[in-house]
Amino acid sequence: MDKDMSYGDDYKFIPATSKQSGISIEVLPDLFVHTVQIVNIVFYSYPNSDDFVLIDAGMPSSADAIIIAAEKKFGENARPKAIILTHGHFDHVGAVIELVRHWKVPVYAHSLELPYLTGEIDYPEADPSSDSGLVAKMSPMFPNEAVNLTGYIEELPLNGTVPYMEEFQWIHTPGHSPGHVSLFRERDGALIVGDAFVTVKQESLYKVFTQEKEMNGPPKYFTTDWALAFDSVKKLAALKPAIAITGHGLPMSGEELTQNLKRLADNFEEMAIPNKGKYVNKENE
Ligand SMILES: [Zn+2]
Ligand SMILES: [Zn+2]
């Protein structure tokens, strides 16, 4: 079955990194964020056991590093119950095929993201004109072709539950991509954001390297529907999360998160939407 899995033809290692790369942070007793070069993956661990779920799948060529990080945390031959994808951009599925082959676990994503995860539809190309930062300028080299996970990819349950993550619900947060989801746990306000908003200026190579904490909208070069992206930020702000783990940047919590997320929701046009770009038409918004 797995002979059908394949990356897009433009799949390649991307030589960009940050000083957090390879570092794990315990955000909550059951949630760990681990940085792979310039993107975060999340380990959700079960209480009193070595079982876990992986959220997102890192950068191209990072499978060995992810397996080592998982085994370091959960023991030799540790294997997750499943992989949950916030969305299918290359930096969130970069190692997914090797991980699925190694672990033989199902992968879950929103139904609207499935065409991009079954090789049917490629993402639009990244837009270097969306920002003056160097990551935006290098974004045309980022893979945008769909990965094909046919045989392993499954749709998230329609009732909003997240497989193997009992108290979490998935929240549809489109705009950055059509089937983008964030994962929320009401009990303690834990939010796994994906790229609906991020806590680093992801378009800037320097700020990505230093991981300077700064509230931002979704990475500009890959965001194609800014009206939906705005709605998604408002939706997440209304949940009043206590802790946010974003796809890029350091975790943010408490008053710092509350105030910055409100500021982003109140000033999304100025703070997040590019002044110009392929996917922007500010005059009509
Ligand atoms: Zn993305
Ligand atoms: Zn991303």
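By convention here, the first residue in the shown sequence is residue 1. Atoms within a ligand are numbered from 1 in the order they appear, just like the ligands themselves.
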Side chain to side chain contact (heavy atoms under 4.5 Å, CB included) evaluation trace for S177 with Y123:
CA-CA 8 Å; S177 74; Y123 289 105; 4.1 Å; yes

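Within D195, the N, O or S atom at minimum distance from the Zn ion (ligand 2) carries the name OD2. Atom NE2 is the N/O/S atom of H92 found closest to the Zn ion (ligand 2). When the Zn ion (ligand 1) is compared with the N/O/S atoms of H176, atom NE2 turns out nearest. Taking the Zn ion (ligand 1) as reference, H89 places its N/O/S atom ND1 nearest.
Under a cutoff of 6.0 Å and an axis angle of 45°, K73 and F52 do not form a cation-pi pair.
For residue D91, no N/O/S atom approaches the Zn ion (ligand 1) to within less than 2.8 Å.
A side-chain donor from one of D195 and H87 sits under 3.5 Å from a side-chain acceptor of the other.
Taking CZ from F184 and OG1 from T173, the interatomic distance works out to 13.0 Å, rounded to the nearest 0.5 Å.
Looking at T35, its side chain never comes within 3.5 Å of a backbone N or O of S21 through a donor-acceptor pair.
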